[in-house]
*Asks:* 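Structure incoming, see below.
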Amino acid sequence: LFSTANLTPYVPPHGLPGVLQGATTSFFGYLGYDEVCCVAGEALNPTRNVPRAVMATIIGAAILYFFASMALTGMQPYHL
């Protein structure tokens, strides 16, 4: 299923504009972290817990996106 040959070239043929377009699109996947801020009024110690929750959410989502994109890139060749 996963082929390391699909990971070359590391930078896609569309170059930096293609990478930035993909980064802009995936940025909107992080918009769900604002739900953490919406429930801040119900937190026990919001000055300590809300920043931790936001950072944990962003880091967790970034890790999941990284592994998902590596898995999908390894399964499907760029040129079909």
Side-chain angles (χ1 to χ4, degrees):
L1 270 166
F2 187 85
S3 174
T4 57
N6 294 336
L7 299 177
T8 56
Y10 188 70
V11 176
H14 297 294
L16 185 61
V19 172
L20 291 177
Q21 183 180 7
T24 303
T25 303
S26 68
F27 171 77
F28 290 105
Y30 290 114
L31 292 180
Y33 83 90
D34 71 334
E35 293 299 320
V36 174
C37 299
C38 292
V39 297
E42 300 174 13
L44 293 177
N45 188 358
T47 57
R48 186 191 75 164
N49 293 334
V50 172
R52 287 182 181 181
V54 169
M55 290 305 296
T57 303
I58 290 174
I59 291 169
I63 290 170
L64 290 174
Y65 272 106
F66 173 76
F67 283 118
S69 65
M70 289 301 290
L72 291 173
T73 303
M75 285 192 269
Q76 192 70 30
Y78 183 74
H79 300 288
L80 286 176

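This chain uses plain numbering: 1 for the first residue, then up along the sequence.
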*Asks:* What residues, two or more places apart in sequence or in another chain, satisfy side-chain contact (heavy atoms from CB on, under 4.5 Å) together with S3?
*Replies:* A5, N6

*Asks:* Kindly give the cluster partners of L72, where membership spreads through any ILVMFWY side chain lying under 4.5 Å from a current member.
*Replies:* L1, M75

*Asks:* Do L64 and I59 belong together in a cluster built from hydrophobic side chains that touch within less than 4.5 Å?
*Replies:*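 No, because L64 and I59 fall into different hydrophobic clusters, even though each may have its own neighbours under 4.5 Å.
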
*Asks:* Run the side chain to side chain donor-acceptor pair (under 3.5 Å) test against T47 and tell me which residues pass, sequence neighbours left out.
*Replies:* N45

*Asks:* Would you please name every residue forming a side-chain contact (heavy atoms from CB on, under 4.5 Å) with P46, sequence neighbours left out?
*Replies:*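 P46 satisfies side-chain contact (heavy atoms from CB on, under 4.5 Å) with A43, V50 only.
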
